[in-house]
Structures are given as structure tokens and as C-alpha cells.
Amino acid sequence: MCGIVGLVGSSPDAAPEVRTAERMLAALAHRGPDESQVLRAGSAVFGTARLALVDRPTSKQPMQDPSGLYMLSFNGEIYNYRELRRSLELEGIHFRTFGDTEVLLQWLVRWGVDRLADLKGQFALAFWDSSSKTVVLARDRFGIVPLFFMRTPSGLLAFASEVKAIHAGGFQVPLSVRDVVDSGVFWGLHSGRSTYAGVESVPPGSYVRFRSGVLDRGAYWQFRFPATRAGGSLQEQGKHLVNLLAAAVERRVPAYGDPAVLVSGGLDSSAVLSLLRGARPDARIRSFSIRFAETALDESRFQEVATQAFRTDHCSVTCDDETVATMLVETILHAETPLVRTAPASSYQLAQEIENHHTRTVLSGEGADELLCGYDLFKVASIRDSWSKDPDSNTWPRMLEEALGPQRALGRTVERAFYEQGLDQRSDPIFSHQNRWRSAFRITQYLAPDIRAGLDVERVLDGVRDRLPEEYHHWSAVEQAQYLEVTYFLSSALLGSQCDRPYMAHSIEARYPFLDEDVVDYALTLPQSAKLDGMNEKAVLKAAMGSTVPPQIRNRVKQPYTAPEGNVFRSDAGKLLLGTYLSRPALERIGVFDAGRVEWLMRKLERSRTSFYDDLAILWVFSTQVLADTYGVADL
């Protein structure tokens with residue numbers, strides 16, 4: 001991937017300065033260490049910091065067509081560019097280069113936004129048409145690649161892969177408290193939002209068009225379950241899924257260097273590794289993993305099973321409380337959003353190690369849990385849905401006990417009463433997430449009194465209810481939960497904070513076969529029973545990989561990926577962080593949080609065990625303070 005920036009004037013007389021774009025681009029040097037360039041075309045200035053993974057010699061960016069009328073800055077990969085190229089060549093278009101950039105440029109010249117859905121890949125793009133004075137910004141289906149934009153006070157459109165680049169251009173991007181609250185409650189943001197006032201994110205599967213000072217928006221793809229579902233047996237469905245997944249893995253093998261896989265010890269990454277080894281029986285394959293010093297979190301024995309079975313050159317890092325604390329501020333500044341989990345810091349540590357091995361691309365299993373119901377919350381949604389219709393039965397509480405076993409193994413005690421709450425509210429469209437989000441709303445008790453007074457949990461949750469598509473109301477409780485996870489957690493938290501930002505901080509591109517367009521399109525047609533068969537998560541994937549993934553991995557119960565949390569701030573480095581950012585003077589200077597209440601939470605951290613939501617609150621408050629110290633806070 002790369003880093004892209006740009007400034008577009010609303011008229012030829014409002015042409016932006018190249019020097020401003022150069023400052024913006026310099027802030028993204030970590031995303032594109034191979035070369036950087038800024039170009040002006042009329043009232044548009046684009047810049048690209050390039051991580052050259054395809055056609056290194058000739059596909060320089062920003063790229064203009066031979067006429068000079070069109071210009072493209074592009075971050076990511078178009079995996080089906082060869083097919084698109086052949087289609088364009090049949091129309092008489094000639095090419096000067098051999099990579100995906102020129103193909104994408106000519107595709108946009110030919111089709112504009114009308115055929116964005118034909119692109120298979122992970123991308124964020126900016127396309128300038130000088131003849132119509134129009135710029136188009138667009139992102140891939142799941143928002144794997146970030147892209148932000150804002151209207152400046154002078155009327156320019158400024159865009160960049162990361163908000164820090166817009167800030168480096170001299171534009172004010174203070175934190176938006178409203179969106180900071182959402183980030184803590186939902187563990188993500190509403191599609192199209194950012195945590196910065198005046199800054200928007202191009203929504204996944206969407207485009208934004210700017211012409212004559214006017215913005216218009218559209219979606220070229222949406223996450224939807226079709227009315228007609230795939231037929232056949234589970235084994236037949238599994239065979240078709242694995243064939244699509246094998247092709248997706250092959251598309252993502254890098255053009256340069258040895259292929260590499262992130263290995264968690266779970267089914268998803270093992271499936272990717274299995275298919276890669278099957279296609280390349282004698283090739284060198286690298287693998288990387290995170291071990292945790294805390295035994296309850298560590299999955300290294302399963303990682304060893306996978307790496308030995310598939311004969312990889314393996315490297316791992318050991319993550320502990322002190323290491324997470326040491327890397328936390330850098331991680332937050334790269335994430336550019338408040339965190340509620342420390343997992344991005346462990347990703348940051350792993351990315352450093354991958355960079356030391358001179359590896360530029362890694363394949364990863366993200367997306368499988370959301371598509372194939374891997375998380376415990378999908379089991380809980382199914383159980384609570386049945387329980388709400390049969391509240392006096394003992395069957396559902398027993399099943400709930402079974403489903404929550406992995407949480408207890410991590411030291412989390414969740415009472416039955418927590419899940420009984422809201423059983424009489426099955427008509428609530430966010431039924432699957434209402435308990436979790438209402439509980440997470442408790443973190444707002446640490447906000448300053450004047451901010452806290454203007455908040456209401458139902459109004460915050462209405463922000464989700466009001467954005468739900470009409471089709472949503474016809475889906476099952478489990479499918480509704482899938483939609484919410486994809487919309488709120490996958491894009492901004494998992495793919496953004498935990499993957500793109502820590503890896504691209506070290507110039508490493510992660511690629512996701514489970515988010516391949518063909519894989520996703522088929523997965524959405526699968527009946528619910530193929531994904532969640534009683535308490536058996538990802539049933540179709542287990543059936544598909546039955547003979548290739550080691551049984552110790554295939555048959556293990558899904559363990560939630562969790563990095564160290566509360567104990568991070570009990571380490572020496574963690575205590576230093578709290579003294580710097582959560583001291584009373586620091587809290588009062590920023591003005592977002594209630595210093596007295598935060599001090600009470602710090603005393604609890606010091607003297608006794610903290611709960612899951614205490615740990616969430618501490619990290620959320622801390623990371624907000626770090627960002628506010630850099631960017632400021634919008635008028636409260």
C-alpha cells in the first residue's frame with residue numbers, strides 16, 4: 001500500500017499550493033518509503049508516498065494519462081487488474097506500464113464511478129478529471145485502506161490516507177467529543193465518521209465526488225444478505241468456499257519476495273496457510289506470530305502446530321505488559337482514534353519484527369469471524385433470541401454457560417443476569433448488541449460534568465438504529481449481529497486500528513483472503529446453519545478444511561484474541577504513562593474528563609482488581625488524552 005494526499009480547489013482561481021501537499025505527504029513517509037512525488041493538474045494537487053509492490057520500475061504515482069487530463073493517486077492493490085486490462089485493450093486502449101495503477105486510471109477514465117464494483121482488491125483512490133474539474137475519492141468494500149477528507153476554511157477539499165497528514169498541511173483537526181464517545185461505546189464509529197471535527201472518512205464500498213464546490217456521495221456496494229441462499233450439503237458448500245478461498249489466497253501472493261502469513265493458532269490463519277502451502281509445496285513461506293507472557297492469553301502451542309505442519313520459516317515476538325506500555329503512545333498516534341483494547345500495540349510490536357525481516361506483505365485471516373460467525377457474541381445472539389421467546393426454559397441458560405466458557409478461561413466472569421437484561425426487548429433492532437453497548441456506555445461517567453449532562457444512552461444508541469438499512473429488519477438476530485460487527489467493529493477497529501495502522505507504520509501491507517469479493521459474495525448466500533450450527537461456529541469452514549488443517553486447531557474452541565489490558569498500566573512503563581497523561585493538571589488542561597472520577601479509577605487500579613469495563617475505560621480515557629494533547633479538542 002501507499003500513502004496519498006491531495007488538495008482540490010473549487011475553481012481554477014483557487015488552486016492549492018504544492019508546498020502544502022508536500023508537507024502533508026511528508027507526514028505519510030512511513031506508508032510509502034520507496035518514492036514520493038507531488039503533481040499539480042489544474043486546480044488539483046495530488047501526492048503519493050509509494051510502497052512499490054507491483055511493477056516497481058514504471059508505475060510511478062501520481063499517474064497521469066497521455067492527454068494530461070486525468071490524474072490518479074492510489075493506495076492499495078487491484079487484484080484483478082489483468083482481467084480489467086484485457087477488457088480495456090479490446091476497446092483499443094494501449095498501456096505504457098505493466099502494473100495495476102495505469103489499469104485503474106484507464107478504467108476510471110472509461111467508466112468513472114459506474115463500474116467501481118468491478119474492482120477486486122483493497123484500495124483507496126483519488127481520481128481527478130480536469131475536463132469536468134471533478135475529483136472522485138473511493139474505498140474498497142470493507143474499508144481495508146483508509147481515506148479521510150475535509151472542507152478547509154478557504155473552500156479547498158483536502159484528503160489524505162491519515163488525519164495526521166491533513167494536520168501537517170496546517171489545517172485544524174480537533175477531536176470531536178461526540179465521536180470519541182461513540183468510539184468507546186461501539187468500539188468503532190458510524191460509517192463515514194472520524195474522531196476529528198470536520199473530518200470525514202470515505203465510507204467502505206462508497207465514493208465521494210467533489211465538483212464546483214459541491215460534494216455528492218454514493219455507494220457502489222453494501223453488506224446485504226440475499227433473499228435466496230446457497231443450496232447443497234455442508235460438504236458441498238465447504239468445497240465451493242475453499243475453492244474460492246484458494247483463488248483469493250493466490251491473488252494475494254506478492255509479486256516480489258517470499259509469501260508470509262500471520263499465524264494466530266486459530267482456524268482462519270491456518271486455513272490460509274494450508275491453502276498457500278498446498279499451492280506451493282516446495283516454496284519458502286514465512287510466518288509470524290505473537291506470543292503472550294500471560295498464560296491465559298497465549299496461543300503459542302497452537303501456532304507451533306500450524307507452523308510445523310506447514311513447514312514455515314517462523315518468527316514470533318513475546319508481548320508482555322511492559323512492552324505494550326512502552327509502545328502504547330506511538331500506537332495511539334498511528335491509530336488516530338481512542339482505543340478500548342491494547343491489541344493494536346501488540347500488532348505494532350509484531351510489525352517491528354516483520355520489518356526487521358525485510359518482509360513487505362503478509363496474508364492474514366481477518367474477516368472470517370465476521371463472515372462465518374466465529375465470535376462468541378453470535379452464539380449469544382442466537383441463544384438470547386431463543387430465550388426471549390421461551391424465558392422460563394432452563395435450556396438457554398445452560399447453552400449460555402457453554403458459550404461463555406472461553407471468556408472464563410480469560411479470567412472474565414460474566415453473570416447470567418447480564419444476558420437476561422433486555423430479553424423482553426427483542427423488537428429492538430440492536431437486540432444482539434444492546435447489553436454490550438449499554439454496559440460500555442458506563443465509561444461516559446468519567447467525562448467532565450458538562451459533557452456528561454448532555455448524554456443519554458438511548459440517544460447514542462439511536463445513532464445506530466437510525467442508520468440501519470430497511471433489509472436489516474428482515475434478517476435473523478445472528479445476521480443482524482453480523483451486520484453490526486462488520487459495520488462498527490471490522491472496518492474502523494479491526495482493519496484500521498489493529499491492522500492497517502500498526503503494520504503500515506512499518507511499511508507492511510496486510511492482505512485478507514477472507515475479504516475477497518468472490519469469497520464474501522458466496523459467504524453472504526450461505527444459510528445461517530452453515531456458519532453457526534448450534535454451538536459450532538464456522539461449521540462450513542471446518543468442513544472445508546477437515547483434511548488439511550491439523551485437528552488440534554480445527555476442533556479447538558474459538559479463543560478471543562486478547563492482548564494484556566489492565567495490568568499494562570500496573571507496569572513501570574504504564575505507571576509513567578498515567579503520571580504523564582492522567583495527572584490532575586493534564587486532565588484539567590484538556591477538559592474532557594472529570595479529574596476526580598478518573599483519580600478514583602486510578603486508585604482502584606492501584607489497590608485492587610479492575611473489571612473488564614474498568615480496563616476499557618482506563619485505556620479509552622488515556623488514549624483520548626494522548627490524541628487531545630496532539631490535536632486539541634473541538635469546542636465542547
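The residues of the chain are indexed from 1 along the displayed sequence. Predicted model, so just to flag it, every value in this text is computed and none were measured.
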Is it true that, when you exclude R19 itself, more than 12 heavy atoms of the residues, nucleotides or ligands shown sit nearer than 6.0 Å to its CZ? no
By the definition side-chain contact (heavy atoms from CB on, under 4.5 Å), identify the one residue from M504, R501, E336 that meets it with P146. R501
Sequence-distant partners of A41, side chain to side chain contact (heavy atoms under 4.5 Å, CB included), two or more places apart: Q64, M71, W128, S130
Side chain to side chain contact (heavy atoms under 4.5 Å, CB included) involving S571 - partner list, sequence neighbours excluded: D321, E322, A325, A573
Whether the side chain of [X] engages the backbone of [Y] through a donor-acceptor N/O pair (distance < 3.5 Å, no angle test) should be reported.
| X | Y | answer |
| --- | --- | --- |
| E102 | T97 | yes |
| E565 | D615 | no |
| N75 | I4 | no |
| E517 | G121 | yes |
| D500 | L495 | no |
| R511 | R252 | yes |
| S507 | H30 | yes |
| R459 | L455 | no |

List in chain and number order the residues that pass side chain to side chain donor-acceptor pair (under 3.5 Å) with Q498, two or more places apart in sequence or in another chain; answer none if no residue qualifies. R341
Under-4.0 Å salt bridge between D594 and R452: yes
Do W107 and F127 have their ring centres less than 6.0 Å from each other? no
Smallest heavy-atom separation, A493 atom then W187 atom, equals CB-O, 3.2 Å
